[in-house]
Amino acid sequence: MVDILVKGGTLPDGTQADIAITGDRIVDVAPGIAAEAGEVIDATGDLVSPPFVDPHFHMDATLSYGIPRINASGTLLEGIALWGELKDETTIDAMIDRALRYCDWAVSMGLLAIRSHVDTCDDSLKGVQAMLQLRETVKPYLDLQLVAFPQDGLYRDPTARENTLRALDMGLDVVGGIPHFERTMADGAASVRDLCEIAADRGLPVDMHCDESDDPMSRHIETLAAETVRCGLQGRVAGSHLTSMHSMDNYYVSKLLALVAEAGISAIPNPLINIMLQGRHDTYPKRRGLTRVREMQALGIPVGWGQDCVRDPWYSLGTADMLDVAFMGLHVAQMSAPEEMARCFTMVTETNAAIIGLPDYGLRKGALASLVVLDAADPIEAVRLRPDRLCVISKGRVVSRKARNDAALTLPGRPATVHRRH
């Protein structure tokens with residue numbers, strides 16, 4: 001007797017299998033499981049996937065669009081300034097309320113693990129307090145990692161370093177930074193060294209906003225690679241955004257990517273936000289600001305797509321759908337070959353899970369019983385359609401259901417219903 005039996009689904013690798021769940025664990029994955037079950041979920045013909053994972057988000061700012069005003073220029077810098085206004089007037093309860101609503105969206109979309117950067121440039125640390133409370137509230141159904149993020153610069157903000165250390169003492173999980181926002185390139189490089197030493201001393205991973213700029217001379221990823229090796233942090237460091245690489249000289253990039261690979265650094269581009277915010281000072285040709293995804297992958301560098309923002313000072317749209325992110329990333333990175341399109345699906349599931357070090361993840365015996373049933377036949381179709389999530393299971397419990405949503409037609413001589421699966 002098992003608690004839940006998911007029957008007849010197609011796994012991302014194309015195999016068909018049943019998945020048996022007892023408690024919060026997968027106890028078997030095999031064709032034709034005949035066990036009695038408390039509940040049987042028919043997934044015949046549907047894609048069954050491990051849950052979606054977002055390795056880069058800003059939960060403290062989410063769903064705050066228009067408060068206190070809208071980002072008129074659409075630029076990264078105005079968004080940062082606007083967030084400064086918002087965080088002065090918001091409350092812990094307001095941040096928790098917005099974040100909980102976003103987590104509801106996430107669960108309905110099968111997004112069950114999120115790494116969120118939390119601003120530490122606030123002496124009251126309201127955002128840190130709010131996100132720590134949120135992490136405990138959603139823990140039964142959503143894994144939330146928190147990054148101590150000095151949004152206004154570790155050195156540029158006079159109390160950021162002290163507050164970042166306080167936030168880590170309070171229980172944040174990851175050391176963050178923003179070297180390109182320091183006052184000088186030298187200060188940016190020094191902040192990278194300082195933060196990597198802090199992470200090494202505390203045994204924590206690093207996830208740094210790095211070179212989110214159109215300036216090809218913003219090269220803090222080079223320092224991050226060197227400090228990762230010096231501090232023995234290989235395999236524990238991620239560089240997020242890396243948009244300046246879009247504008248860099250190709251010869252320099254050929255050297256840089258080898259250093260990134262040698263250091264074991266992961267890359268987290270955020271395609272929806274990167275192409276919205278970058279190139280704002282250009283006329284034409286206009287740079288789109290996505291880092292060199294395919295070139296990194298060719299060198300074995302782990303690259304995962306991140307959401308970054310939803311309805312906040314930097315981005316007015318978003319639905320908590322990681323397949324929207326994969327869809328945009330596929331286009332901007334020109335990943336059009338079948339194996340590349342399928343890889344975009346893997347990037348928002350298995351690759352992202354590996355980047356943030358998510359334990360017990362996957363569709364295998366002994367793994368945590370979290371999965372998604374999608375109204376699609378395979379990963380490429382899932383990216384194409386961004387389909388309904390018919391069923392979401394988190395830690396052994398069904399947390400969301402949605403009916404299959406075919407459209408009814410009234411066209412002479414045509415079928416009564418239409419579905420976009422093909």
>> Within the 3.5 Å criterion, strictly below it, is a donor on Asp211 or His241 matched to an acceptor on the partner's side chain?
In response: no

> So, Trp83 and Asp119: side-chain donor and acceptor under 3.5 Å apart, yes or no?
Replying inline: yes

>> Using every non-hydrogen atom in the two residues, find where Val192 and Leu224 come nearest and quote the distance to one decimal.
In response: CG1-CA, 3.7 Å

>> Any heavy-atom pair between the side chains of Arg202 and Asp169 that's under 4.5 Å?
In response: yes

>> Can you give me the closest heavy-atom contact between Leu86 and Pro313, atom names plus distance?
In response: CD2-CG, 4.5 Å

>> Contact between Leu146 and Met59 at the side-chain level, heavy atoms closer than 4.5 Å - yes or no?
In response: no

>> Distance check, rounded to the nearest 0.5 Å: Glu340 atom CD versus Ile380 atom CD1?
In response: 10.5 Å

> Just how far is it from atom OG1 of Thr223 to atom CZ of Arg230, taken to the nearest 0.5 Å?
Replying inline: 11.0 Å

>> Applying the side-chain contact (heavy atoms from CB on, under 4.5 Å) criterion to Ile19, which one of Ile4, Val2, Leu11 satisfies it?
In response: Leu11

>> Looking at every heavy atom in both Ala238 and Arg115, which two are closest together, and how far apart are they?
In response: CB-NH1, 4.5 Å

> Knowing that exactly one of Thr10, Leu390, Leu363 qualifies, which makes a side-chain contact (heavy atoms from CB on, under 4.5 Å) with Val48?
Replying inline: Leu363

>> Can you confirm whether the side chains of Ser218 and His180 place a donor and an acceptor under 3.5 Å from each other?
In response: no

> Is the shortest heavy-atom distance from the side chain of Ile70 to the side chain of Tyr65 under 4.5 Å?
Replying inline: yes

>> Could you tell me if the side chain of His117 sits less than 4.5 Å from the side chain of His209, heavy atoms only?
In response: yes

>> Between His58 and Phe149, does the ring pair (Phe, Tyr, Trp, His ring centres under 6.0 Å) criterion hold? Intermediate values first, please.
In response: CA-CA 10 Å; His58 291 267; Phe149 176 50; 5.7 Å; yes

>> Within the structure provided, determine whether Phe345 and Leu323 are in side-chain contact (heavy-atom separation under 4.5 Å).
In response: yes

> Taking the side chain from Tyr361 and the backbone from Pro51, do they hold a donor-acceptor pair closer than 3.5 Å?
Replying inline: yes

>> Let me confirm one number: the NE2-CZ distance from His419 to Arg404, rounded to the nearest 0.5 Å.
In response: 6.5 Å

>> If I compare all heavy atoms of Met95 with all of Ala130, which pair ends up nearest, and what's the gap?
In response: CB-CB, 3.9 Å

>> To the closest 0.5 Å, what do you measure between CG (Leu63) and SG (Cys309)?
In response: 11.5 Å

>> Looking only at the side chains, is there a donor atom on one of Asp93 and Thr91 sitting less than 3.5 Å from an acceptor on the other?
In response: no

> Is a side-chain N or O of Asp3 found less than 3.5 angstrom from the main chain of Gly23, in a donor-acceptor match?
Replying inline: yes

> Can Asp60 and Lys87 be said to form a salt bridge (charged side-chain N to carboxylate O under 4.0 Å, His left out), step by step?
Replying inline: CA-CA 9 Å; Asp60 49 359; Lys87 70 183 178 184; over 6 Å; no

>> Any heavy-atom pair between the side chains of Asn352 and Met322 that's under 4.5 Å?
In response: yes

> How close do Leu154 and Ala160 get, heavy atom to heavy atom, and via which atoms?
Replying inline: O-CB, 3.7 Å

>> Please list all pairs meeting ring-ring contact (aromatic ring centres under 6.0 Å, His included) that have one or both residues in residues 248-272, counting only residues at least two apart or in different chains.
In response: none

> Below 4.5 Å, heavy atoms only, C-beta onward: do Ser244 and Ile221 meet side chain to side chain?
Replying inline: no

> Do Ser247 and Arg287 get their side chains close enough for a donor-acceptor pair, meaning under 3.5 Å?
Replying inline: yes

>> How long is the straight-line distance from CG of Asp214 back to NE2 of His246, given to the nearest 0.5 Å?
In response: 8.0 Å

> Is any side-chain N of the basic residue among Asp42 and Lys7 closer than 4.0 Å to the acidic one's carboxylate O?
Replying inline: no

>> If you define the side chain from C-beta out and look only at heavy atoms, does anything of Val206 sit under 4.5 Å from Glu227?
In response: no

> In this structure, which one of Asp46, Asp321, Asp375 forms a salt bridge (Lys or Arg N to Asp or Glu O under 4.0 Å) with Arg389?
Replying inline: Asp321

> If every non-hydrogen atom of Pro12 is compared with every non-hydrogen atom of Pro50, which pair is closest and at what distance?
Replying inline: CG-CD, 4.1 Å

> Just how far is it from atom CD1 of Ile33 to atom CG of Asp28, taken to the nearest 0.5 Å?
Replying inline: 4.0 Å

> Between the side chain of Asp324 and the main-chain N/O of Met328, is any donor-acceptor distance below 3.5 Å?
Replying inline: no

